[in-house]
Amino acid sequence: MEHKFDHSRNKKIKISPTAGNSQKPVQNSIFPRFLMPFRNQLLFLVILGAAFYGNTIGNEYAIDDTIVIQKNEFVQHGLNGIVDIFTKDSFAGYLHKYSEKNQLSGGRYRPLSLATFAIEQQLSGDSPHMSHFFNVVLFLCTVIALLYLFHNFIFKEFQDIAFLAVLLFTIHPIHTEVVANIKSRDELLSLLFIILTFIFAFQWKMKGKNIRLAGSILCFFLALLSKEWGILLIILLPVSFYVFFNDGIKKSILTSIPFWMTALVFLLIRFSIVQSQTSGEGLTIINNPYLFATPVQAFATKLYILLKYLYLIIIPYPLLCDYSYKTIPYVGFENLQVWVAIVVYSGMTIFGIILLIRRHLLGFAIIFYLSFLAMVSNLFFDLGATMSERLIYHSSVGFCIAVAWLLHYLLRKIKNRKTQSSLALIIFFPVIIITGFITIQRNSEWKNNKTLYLHDVKYLPRNMMVNEIAGKFYIDFFEENKNKSDSLSRYNLLDTATIYLTRSVNDYAGYYNPYVNLGIADLYRKKLENTQYYWHLADSLFPRKLHIDFWKILDTTLARGYNDRGFAFYNQKRYAESMNDYNNSIRIDPLFGGTYNNRGVLKAVMNEYREALTDFDKSIELNPESVDVYRNRGMTRLLLKDLKGAHEDWSKAVSLGDGISVKLLEQYFGPTGK
C-alpha cells in the first residue's frame, strides 16, 4: 500500500516550509543552475568533501589509534580475531595484551569498527594510510546518504534546503576529528547506518515492501554495533513517522515495534558480553574528569559544557584534541554561563517540542540535535571524558538542518531571484573557502601525535595530559639531536620540556608520568638528585613493587647517569664527588658491572688497592668478558706485588683482544710476556 503525506493537518502552521506544508515545490533554485540536478549536487558535494579531507590519507596514527589497532591483540590477528572482537568488550584486545583492567563505566561494545580494522590489518598490515582512506570514503558515503535522504524524503518539496543542509554538513570543520582520527571510525559507521535506517524505513512506509523493512532493521542493528548512539532511533523513528508521514502517536509507536524488538535483542547481546564497571576502583582523574568536583559542581559544569558545544558548532575555533581535566574548570551555579545554558537549552527543548507537535521540520531538527547531545552530556551516564569534538558529529546533522532551514527562509524573503542567487553566492562562497582552510589546516595538524599535541598545547595551558605529552616530545627532540654538539639551543629544548611538564603537575599532582619525564630532563642536565626526587614522587604514585619491569629500566638509566657523572668528576680530579656518584650508581643498580670497574679504578688511585680488587672481582662476575676490568685488576695486582695475578689478568685481556695488555706484558715480563 502506498503511503502519502497528508497535508490537511498543517493548514494552521504559519512557519514554512514544514514536512506537511501545502506549498508547491520551489521551481527556481537560489543556487546556480548547474547545481539544480540531483546528480550534479551529489558530484559537487563528493568533490568538495574529498578536497576537504583528502590530505588526511597521508597522515599517521594519532591519539587512541594505536590502542584500537596496533595495541589491540584481536585486531592484530586480522580475520582470525573477528570472533573475539564480536564476543568481547571493545577494549578487551588491548586490556588483555597489557594485563590492565577496564576502568570505563559500563564497558564498551562497538565491534563493527574494530572488525573493519581487523580486515584492513589482514589486507595490508599496519597501514594508517589505508585506514585514513576508508575514513574519508565513509564520510563521503555519509554525505551521499544524507543528500539522498533529504532530497527524496525530508525536503522533497524544498530541495534547496536539502542541498544546503548537506553542504553545511560537508564543510563543517567540527568533523575534522571524526575523519582525521582513525579511532573515530565508530562515529562514522554509526551515523552512516542511522541515515540508512531512516532511508529504508521511509521507503518501507511509502511503498510497503517488507524487504525495505528488513533493510532498515539490518542497518539499525549495524548502527548499534557501531556505537551505542544508535539506540536513539527507537525514539527518533516514531517521531519521524509522526512528523513526515502524519501518523498519529499510536500508529507511530506501533509502526516502530520491529525496531524496538531489534534494540532489545542488541541490549541482551551487549549485556551478556560486556561486564559493567560499577565500583570506583582504579578510577582516576584521567577516566573520571569530575572526580574532584562536588555533585553540584559536576552538574553545573556539565550544563556549562553544553553551552560550549553550542558555541563550538557555531564557531568551530580553536579545534582541540583534548578537553580533559582543568581544560574546563569546575563551575557552580554562581556562574552566569551556566544559567545561559539552562535558558538556551530549556528554550530549545520547549520550542522543539511545540514545533514537533505541529509536525514542523524545525522541531525534528532541534530534537535530533538535543537527543544525540544528551547522550554525550554526561548527565545520564558517565562517558569518562568531559567533551570531545567527535561527540557532536551526530548532533551536527540536526544543527545543519536547522541552519539550512533558517537561511533558506530568510533568503526567500527576498522576492528577486537574481538577488537571492547573488546573496547566496556572497554568503556561501567565502564560507566554503574559510571552512576549507580551517579543515585542511586542521587535518595537517592531525598528522601524528607530535604535530597534534605541539600545536594544541598552545591553546591548552591548563590541560595536564596535553602538557605532559608535549613536554615528553621536547625531551625526544633533545635525544634526537644527541649527535650534535651540546649547544645552548639544544638544552633549551629541555627547558621547554620542563615548562610543559611543570604545568602538568601543577594542575594535577596525582599522575606519575610528568614526574618521570621531569626526572629524565634533569638526568640529561646531570642534576641527578633532582631526578631521584622526581622519580621518588613517581614511585609513590606508580609503585615499583607492582611495576617491576618499568622501574628496572629507569633504575638502570639513573645508575648509568650517576656512573657517567662520577667518571666526569674523576677526570676533573674531584674524587670525593666521583666516589659519591659511583656509590649511588651501585646502590640503585647493583647489577651494573661498569660502575664497579670505575669505582675500583678510583680506589686504586686513592691507594685503596684491596678494596679496588673487590670491585674488580664483582665487575668481572657481572661481566666476565670485559677487557678493561682484567687490565685494571692486573695493574692493581702488580701494585700489590702479585706478579702472577697481574700476568693472569693481562693474559686474559690479551685473549679477549686487548692490545694494551700485550704491551703491559712485554713491559713487565719481557718480550715473550713470560
Side-chain angles (χ1 to χ4, degrees), residues 59-68 71 103-104 173-174 176-178 180-184 284-293 301 304-305 308-309 311-312 316-330 376 378 383-392 438 441-479 493-521 534 538 541-542:
N59 287 358
E60 302 162 16
Y61 293 122
I63 307 189
D64 290 337
D65 290 347
T66 54
I67 291 178
V68 298
K71 295 181 179 180
Q103 297 178 347
L104 292 172
I174 199 72
T176 51
E177 180 176 354
V178 172
N181 186 200
I182 300 171
K183 182 263 177 192
S184 294
T284 67
I285 198 66
I286 297 172
N287 46 48
N288 182 12
Y290 299 103
L291 185 64
F292 303 134
T301 305
Y304 169 73
I305 288 172
K308 287 190 68 68
Y309 270 127
Y311 171 84
L312 200 59
Y317 184 86
L319 298 174
L320 303 171
C321 65
D322 190 90
Y323 293 86
S324 57
Y325 182 63
K326 282 287 181 82
T327 302
I328 302 171
Y330 297 149
V376 302
N378 283 300
L383 295 179
T386 49
M387 67 177 290
S388 179
E389 290 154 18
R390 72 179 183 276
L391 298 180
I392 205 169
I438 294 173
Q441 177 61 34
R442 185 58 179 165
N443 291 338
S444 66
E445 291 158 7
W446 271 93
K447 181 175 179 60
N448 53 42
N449 280 341
K450 189 174 293 185
T451 56
L452 183 62
Y453 283 111
L454 293 183
H455 172 270
D456 286 10
V457 74
K458 293 178 290 187
Y459 301 93
L460 294 167
R462 300 301 306 275
N463 184 299
M464 66 102 176
M465 287 290 293
V466 173
N467 278 280
E468 186 270 321
I469 294 170
K472 178 61 171 66
F473 279 131
Y474 275 96
I475 292 175
D476 292 342
F477 292 149
F478 179 87
E479 293 173 341
L493 295 172
L494 294 180
D495 295 336
T496 304
T498 300
I499 290 171
Y500 288 130
L501 293 168
T502 302
R503 282 184 188 174
S504 181
V505 298
N506 285 343
D507 283 333
Y508 179 56
Y511 187 42
Y512 72 94
N513 246 13
Y515 293 117
V516 170
N517 288 317
L518 280 168
I520 291 173
Y534 287 126
L541 299 168
F542 197 69

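If you read the sequence from its start, that first residue is 1, and numbering goes on from there.
Between the side chains of N59 and N443, no donor N or O sits under 3.5 Å from an acceptor N or O. For the residue pair N467/S504, the side-chain donor-acceptor check at 3.5 Å is not satisfied. Between the side chains of D495 and T498, no donor-acceptor pair of N or O atoms lies under 3.5 Å.
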Before giving the answer on side chain to side chain contact (heavy atoms under 4.5 Å, CB included), spell out for Y511 and F542 the whole-Å C-alpha distance, their side-chain angles and the decisive distance to 0.1 Å.
CA-CA 8 Å; Y511 187 42; F542 197 69; over 6 Å; no

Evaluate side chain to side chain contact (heavy atoms under 4.5 Å, CB included) for L320 paired with E389, printing each intermediate quantity in order.
CA-CA 8 Å; L320 303 171; E389 290 154 18; 4.2 Å; yes

List the steps, then state whether side chain to side chain contact (heavy atoms under 4.5 Å, CB included) holds for Y459 with Y317.
CA-CA 11 Å; Y459 301 93; Y317 184 86; 3.4 Å; yes

Walk me through it: do Y508 and K326 pass the test side chain to side chain contact (heavy atoms under 4.5 Å, CB included)?
CA-CA 8 Å; Y508 179 56; K326 282 287 181 82; over 6 Å; no

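Summarising the geometry of Y515 relative to A538, their closest heavy-atom pair is CB-CB, 3.9 Å, with the distance given to 0.1 Å. Closest approach of N378 and G384 over heavy atoms only: OD1-N, 4.3 Å. Here the closest non-hydrogen pair linking P461 and R503 is O-CD, 3.8 Å. Minimum heavy-atom separation, Y330 to P289: OH-O, 2.6 Å. The two residues W446 and C321 have their closest heavy-atom pair at CZ2-CB, 4.3 Å. When all heavy atoms are compared, the tightest approach of P173 to L319 is O-CD1, 3.4 Å.
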Side-chain donor/acceptor pairs under 3.5 Å, residues 468-478, sequence neighbours excluded:
| unit_1 | atom_1 | unit_2 | atom_2 | d |
| --- | --- | --- | --- | --- |
| E468 | OE2 | N517 | ND2 | 2.9 |
| K472 | NZ | D476 | OD1 | 2.6 |

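Atom CG in L460 sits 5.0 Å away from atom OG1 in T327 (nearest 0.5 Å). The line from OG1 of T66 to CG of D64 is 7.0 Å long, rounded to the nearest 0.5 Å. Here the straight-line distance linking atom CD1 of I392 with atom CG of L312 works out to 7.0 Å at 0.5 Å rounding. Taken to the nearest 0.5 Å, the NZ atom of K308 stands 6.0 Å off from the CE atom of M387.
The closest donor-acceptor contact from the side chain of T451 to the backbone of E445 lies under 3.5 Å. Put simply, the side chain of D65 gets close to the backbone of I182: a donor and an acceptor are under 3.5 Å apart. The main-chain N or O of I63 is found under 3.5 Å from a side-chain atom of N449 such that the two form a donor-acceptor pair. Between the side chain of T386 and the backbone N or O of Y323, at least one donor-acceptor pair lies under 3.5 Å. N463 contributes a side-chain N or O that, together with a main-chain N or O of V466, makes up a donor-acceptor pair within less than 3.5 Å.
For the pair R442 and D456, the salt-bridge criterion is met [side-chain N within less than 4.0 Å of a carboxylate O]. Ion pairing between R462 and D507 holds under the 4.0 Å rule for side-chain N and carboxylate O.
Counting heavy atoms from C-beta outward, V457 and Y500 have side chains that approach closer than 4.5 Å. Inter-residue side-chain proximity for I328 and Y304 is flagged as met; some heavy-atom pair is nearer than 4.5 Å. Under the 4.5 Å side-chain criterion, counting only non-hydrogen atoms from C-beta, M464 is not in contact with N506.
Under the rule for a salt bridge (charged side-chain N to carboxylate O under 4.0 Å, His left out), the partners of R390 that lie at least two apart in sequence or sit in another chain are E177.
Y325 has its ring centre less than 6.0 Å from the ring centre of F292.
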